[in-house]
Amino acid sequence: MRTHYCGTLRTEQIGETITLCGWVDRRRDLGGVIFLHLRDRSGSVQVVSDPVRTPDTYHLAETLRSEYVVKITGRVYSRPEESLNDRIPTGAIEVYAEQIEVLNRVHKQLPFQVSQTENEFVREDLRLKYRYLDLRRERMSANLQLRHQVIKTIRRCLEDRFNFMEIETPILTRSTPEGARDFILPSRVNLGEWFALPQSPQLFKQLLMVSGFDRYYQIARCFRDEDLRADRQPEFTQLDMEMSFMSQEEIINLNEELIARIFKEIKGIELALPLPRMTYAEAMDDYGCDKPDTRFDLKLVNVSEIFKDSQFKVFSGAIASGGVVKILPIPGGNQTISNVRIKPGGNLFKEAAEAGAKGVAYIRVLADNEIETIGAIKDSLSEISKQQLLTLTGAKPGDLLLFGAGDAAMVNKTLDRLRLVIGRELGLIDDNKVNLLWVTDFPMFEWNADEKRLEALHHPFTAPHPDDINDLTTARAQAYDIIFNGTEIGGGSVRIHQREIQEQVFSAIGLSIEEANDKFGFLLEAFEYGTPPHGGIAYGLDRLVMLLAGEDSIRDVIAFPKTQQARCLLTNAPANVDAKQLKELEVISTYKPKAVD
RNA sequence: GGGACUGUAGCUCAGUUGGUUAGAGCGCGCGCCUGUCACGCGCGAGGUCGCGGGUUCGAGUCCCGUCAGUCCCGCCA
């Protein structure tokens, strides 16, 4: 039907007769001449009709309205000098409409304007209910096209440069004990038994390594039945990769090339390789979290040594019971952050309280290195200690020192949050900065106080560091995360490929031999038939695209996302099913809807 | 499960200490207009103030409940 996309027309097409298909973005009827902007996914172009130059179409053009679907044939002309529009790519030309065919009309008032004026905001629930219209809009169309370009770049790079194969893995699989809540589906053929939707293709991709497909990838849909957030959907997309015969170093190097290519092709940014690296221990020490935003400094300083014998019991007591005292120094903080904000009721206090802190102690460094703080701290601090403190934190007159004291996890969480809030507020974060780094040497396990057992920090298939093999409980893992501006965009590990070690890890997380065999027997058995050393990584594709698109929510880079209540407003899923369907599955719902008055 | 915010015309919003007939811009309809590009000008239609209950002489406004959306905590190996 058509010969060109609207948004691609340039002065090169002047003189050609072309045919366009698309939607009427806007119509400007000046009485004697009508201008239409015709839009398709490539952009839009101006179409002109008037009674002299295009007598056959003028009256039809008068009847066109926004979002009518039309086919227009005409000749491309250079715009008159005074009518050039340098704000749109097609602004140097226009098309005289010699034929117009209305392919379809709009019969109802549109729920919102599709043609975008400035940054007009439309309620998200409306956008989601009429997602097909929302996706016509420039911003969403651009986001989905960006997503496509990212995926295309990944495919080209992995397939053509690195010889990866894409292999699909099952969506109907079995429930796994660790990790997030599964979505489950009843099996009709095997009554009483249940499938689960995969949280990731982890086990299948490892089995593909056993099969000899030494470089596998998949743009994989994954499912987790947990509560939603701006960056969490119940179904999401991972770039999933697994490689055999590659060390951690080789896997990281390959992935750096992939990432560099994405940034080059999508953003035109040349990343300096190799990317910076930081161990988990360093990240926790300096930033209090394992995904530090290193676009700005404000590093934490451990001052436990100075306060371990302090008269100030809040500090010395915390250290005595195995905790720490750390400081977040804020240069110039005396001016920018008032006491009110640190004390109960203040926003920084609230931030700290949400992280579990009882309060935030502080010291203000004054001229001549005098300090201002509560009496109890000041009295307990000798002149020597004070000097040590100033040296260690590098504090200068005018600086504010915020304290966290207690259990290390809580202190880190508190100061991490304060650091991010303050960094953002003081404008220390340059939004144009692109900061990527690897965090490595994660511990294998983390103590789960509620369940009183060790938990895999990454997942239980992660290989321990060879130097730490003697005591798995404190071992480092051969695991690595890639961080982009303070967001984890990917994480992976070298995997265990030996049955004994895998069994030891299962045992360390409290999985009995029976359970391990029941859930993962097929994997353990596979390890006995010649499993190559292997490892891999998975990227949160939605998050990556969101960050590249400059959006704040992954919903804006997913064509048909769910609301925070995990509903699809377009189809109104989830919904009731027919009683017959349930009966066939031998499933009975015990759910009682709340009585409605 | 918990905390916070939002809901007024098709859309985006305003609406004062509770007070007469709830407004604006855009969109929509009609008319005028031959170089606009967020075209302009004029006229017009369009409202169960999310829903239910309460307080009051009187509720968009106050109170209680409820529904929907968003952000966060918990949760998400």
Side-chain angles (χ1 to χ4, degrees), chain A residues 25-37 44-54 58 65-67 77 79-88 90-91 94 106 108-130 133 176-182 199-200 202 222-234 236 350-351 353-356 413 417 442 444-446 448 450-451 453-462 477 479 488 491 493 505 509 511 538 540 552-553 555 562-565 567 569 572 594-597:
Chain A
D25 192 60
R26 265 165 200 280
R27 185 192 53 146
R28 288 182 293 276
D29 184 345
L30 274 63
V33 59
I34 294 168
F35 296 102
L36 300 169
H37 269 203
S44 65
V45 68
Q46 176 158 283
V47 175
V48 190
S49 182
D50 71 41
V52 178
R53 287 174 292 189
T54 57
Y58 180 67
R65 295 294 179 269
S66 292
E67 302 310 312
Y77 285 86
R79 288 200 191 188
E81 189 74 34
E82 64 280 9
S83 297
L84 296 174
N85 183 347
D86 56 11
R87 281 168 301 174
I88 55 172
T90 59
E94 59 193 2
V106 172
K108 294 177 71 174
Q109 171 139 317
L110 294 161
F112 50 80
Q113 285 161 250
V114 173
S115 172
Q116 299 238 266
T117 61
E118 303 293 312
N119 297 316
E120 198 189 25
F121 173 88
V122 178
R123 286 184 71 95
E124 194 171 2
D125 46 353
L126 252 196
R127 288 172 50 208
L128 291 177
K129 182 171 178 189
Y130 299 97
L133 292 179
T176 49
E178 290 252 330
R181 193 176 291 117
D182 286 316
Q199 296 183 27
S200 90
Q202 183 63 33
C222 303
F223 305 87
R224 293 178 189 176
D225 187 10
E226 297 292 346
D227 286 356
L228 292 84
R229 288 282 194 286
D231 62 354
R232 276 194 239 154
Q233 285 272 305
F236 60 99
K350 280 182 192 158
E351 208 58 55
E354 281 206 358
K413 195 173 172 189
R417 288 178 71 139
F442 284 79
M444 286 286 287
F445 305 110
E446 200 173 40
N448 182 327
D450 292 338
E451 297 181 21
R453 65 178 186 94
L454 289 177
E455 248 176 10
L457 193 73
H458 199 70
H459 58 53
F461 314 105
T462 300
E488 180 202 324
S493 63
V505 168
I509 59 172
L511 206 61
D552 293 325
S553 163
R555 292 188 300 276
K562 309 283 187 287
T563 68
Q564 201 186 36
Q565 292 305 308
R567 301 199 66 88
L569 295 181
N572 211 14
K594 268 189 281 183
V596 183
D597 300 329

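In what follows, every heavy atom counts, from backbone to side chain, and hydrogens, waters and symmetry copies are set aside. Letters go in sequence order (proteins before strands), and every chain restarts at 1.
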Problem - Gap in Å between the two C1' atoms, one belonging to rG52(B) and one to rC5(B), rounded - result: 22 Å
Looking only at heavy atoms, the pair that brings Leu126(A) and Phe112(A) closest together is O-CE2, 3.8 Å
Open item on the list: For a quick check of understanding: with a heavy-atom distance under 4.0 Å over all strands, which category does Pro80(A) fall into, base, sugar-phosphate or nothing?
Closed with: base
Among the nucleotides rA77(B), rG27(B), rC71(B), whichever has the atom closest to the side chain of Gln109(A) is rG27(B)
(message) For the CG atom on Asp552(A), are there more than 12 heavy atoms of other groups (residues, nucleotides or ligands in this structure) within a distance under 6.0 Å?
(response) no
CD (Gln46(A)) and OG (Ser83(A)) are apart, to the nearest 0.5 Å, by 7.5 Å
Discussion item. Measuring only the C1' atom in each nucleotide, how far is rG58(B) from rC13(B)? A whole number of Å is fine.
Written reply: 27 Å
Does Ser83(A) reach a base, just sugar-phosphate, or nothing at all? Heavy atoms under 4.0 Å. base
message: Let's go through Thr563(A) and Leu569(A) carefully: what are the C-alpha distance in whole Å and the side-chain angles of both, what is the deciding distance for side chain to side chain contact (heavy atoms under 4.5 Å, CB included) to 0.1 Å, and is it a yes or a no?
response: CA-CA 7 Å; Thr563(A) 68; Leu569(A) 295 181; 3.4 Å; yes
Rounded to whole Å, CZ of Arg453(A) lies from P of rA77(B) at a distance of 12 Å
**Request:** In whole angstrom, give me the gap between the C1' atoms of rG15(B) and rA59(B).
**Result:** 14 Å
Ile34(A) CD1 to rU36(B) P, in whole Å, measures 16 Å
| message | Heavy atoms only, 4.0 Å cut-off, all strands: where does Glu124(A) land among base, sugar-phosphate and nothing? | response | sugar-phosphate
From CG of Asp125(A) across to C1' of rC71(B) the rounded distance in Å is 15 Å
Note: for Val122(A) and Lys562(A) on RNA chain B, the residue whose nearest nucleotide lies more 5' is Val122(A)
Check your understanding: Does the side chain of Arg65(A) get closer than 4.0 angstrom to OP1 or OP2 of rG29(B) through an N or O atom?
Key -> yes
Here the distance between atom C1' of rG29(B) and atom CG of Asp29(A), to the nearest Å, is 14 Å
Here the distance between atom P of rC76(B) and atom CD of Gln202(A), to the nearest Å, is 18 Å
How is Lys129(A) classified with respect to the nucleic acid when contacts are heavy atoms under 4.0 Å: base, sugar-phosphate, or nothing?
nothing
Task: Heavy-atom neighbours of Lys562(A) NZ exceed 12 at 6.0 Å - done: yes
(message) What's Ile509(A) touching, base or sugar-phosphate or nothing? Going by heavy atoms closer than 4.0 Å.
(response) nothing
Subject >> Rounded distance in Å between the P positions of rG44(B) and rG54(B) >> reply: 40 Å
### Message
Taking only the C1' atom of each, what is the distance from rC30(B) to rG46(B) in whole angstrom?
### Response
15 Å
Remember a base hit wins even if backbone is also touched, and classify Leu126(A) as base, sugar-phosphate or nothing at under 4.0 Å, heavy atoms. sugar-phosphate
Original post:
At under 4.0 Å between heavy atoms, what does Arg26(A) touch on the DNA or RNA strands: base, sugar-phosphate, or nothing?
Top reply: sugar-phosphate
Base, sugar-phosphate, or nothing for Val52(A), non-hydrogen atoms under 4.0 angstrom? base
Looking only at the side chains, is there a donor atom on one of Arg555(A) and Gln564(A) sitting less than 3.5 Å from an acceptor on the other? no
The side chain to side chain contact (heavy atoms under 4.5 Å, CB included) partners of Arg232(A) (sequence neighbours excluded) come to Arg229(A), Arg543(A)
Within the 4.0 Å heavy-atom criterion, would you say Arg127(A) contacts the bases, only the backbone, or no part of the nucleic acid? nothing
Review point. Ile34(A) and Arg27(A): side chain to side chain contact (heavy atoms under 4.5 Å, CB included), yes or no, with the steps?
Key: CA-CA 7 Å; Ile34(A) 294 168; Arg27(A) 185 192 53 146; 3.8 Å; yes
For Phe35(A) and rU36(B), do the ring centres fall under 5.5 Å apart while the planes stay under 30° apart?
yes
Would you classify Ile88(A) as touching base, sugar-phosphate or nothing, given that sugar-phosphate means primed atoms plus P, OP1 and OP2, and contacts are heavy atoms under 4.0 Å?
-> nothing
Per atom distances to the Leu30(A) side chain, the nearest of rG35(B), rG69(B), rC13(B) is rG35(B)
Notebook entry, point to check: Counting N and O atoms only, with roles assigned by atom type, does the side chain of Thr90(A) sit under 3.5 Å from a partner on the main chain of Ser44(A), one being a donor and the other an acceptor?
Noted result: yes
Item to complete: Report which part of the nucleic acid Glu446(A) touches: base, sugar-phosphate, or nothing (heavy-atom distance under 4.0 Å, all strands).
Response: nothing
message: If the cut-off is 4.0 Å, is Lys413(A) near the phosphate of rG74(B), judged by side-chain N/O to OP1 or OP2?
response: yes
Taking rG29(B), rU70(B), rG35(B) as options, the one with an atom nearest any side-chain atom of Arg555(A) is rU70(B)
So, with a heavy-atom separation below 4.0 Å from RNA chain B, the residues of residues 225-233 of chain A are Glu226(A), Asp227(A), Arg229(A), Ala230(A), Arg232(A)
| request: Using the C1' atom as the reference point in each nucleotide, state the distance between rG19(B) and rG27(B) in Å, no decimals. | output: 33 Å
Next on the checklist: In whole Å, measure the gap between the P atoms of rG42(B) and rC26(B) for me.
Outcome noted: 10 Å
| said: Measuring only the C1' atom in each nucleotide, how far is rU17(B) from rU21(B)? A whole number of Å is fine. | reply: 22 Å
Among the nucleotides rU6(B), rA77(B), rC37(B), whichever has the atom closest to the side chain of Arg123(A) is rU6(B)
From CZ of Arg224(A) across to C1' of rC76(B) the rounded distance in Å is 7 Å
Those residues at least two apart in sequence (or on a different chain) that pass side chain to side chain contact (heavy atoms under 4.5 Å, CB included) with Glu488(A) are Lys291(A), Asp481(A), Ile483(A)
Any strand, both distances under 3.5 Å, Watson-Crick or G-U wobble: rC5(B) pairs with rG69(B)
Nearest-nucleotide check on RNA chain B, Gln564(A) vs Val48(A); residue mapping nearer the 5' end is Val48(A)
message = Please determine whether a side-chain nitrogen or oxygen atom of Arg28(A) lies at a distance below 4.0 Å from atom OP1 or OP2 of rC39(B).
response = yes
- Query: Does a distance-only test, which skips hydrogens and angles, find a donor-acceptor pair under 3.5 Å between the side chain of Gln113(A) and the base of rU12(B)?
  - Reply: no
Separation of rU70(B) atom P from Gln565(A) atom CD, nearest Å, is 8 Å
Answer for the Watson-Crick or wobble partner of rA45(B), both distances under 3.5 Å, is none
List the steps and the verdict of side chain to side chain contact (heavy atoms under 4.5 Å, CB included) for Phe461(A) and Val505(A).
CA-CA 8 Å; Phe461(A) 314 105; Val505(A) 168; over 6 Å; no
Across every strand shown, the nucleotide meeting Watson-Crick or G-U wobble geometry with rA24(B) (both distances under 3.5 Å) is rU12(B)
Side-chain atoms of Thr563(A) come closest, of rU70(B), rA77(B), rA38(B), to rU70(B)
Separation of rC11(B) atom P from Leu133(A) atom CG, nearest Å, is 13 Å
**Request:** Give one of base, sugar-phosphate or nothing for Glu94(A), where a contact means two heavy atoms less than 4.0 Å apart.
**Result:** base
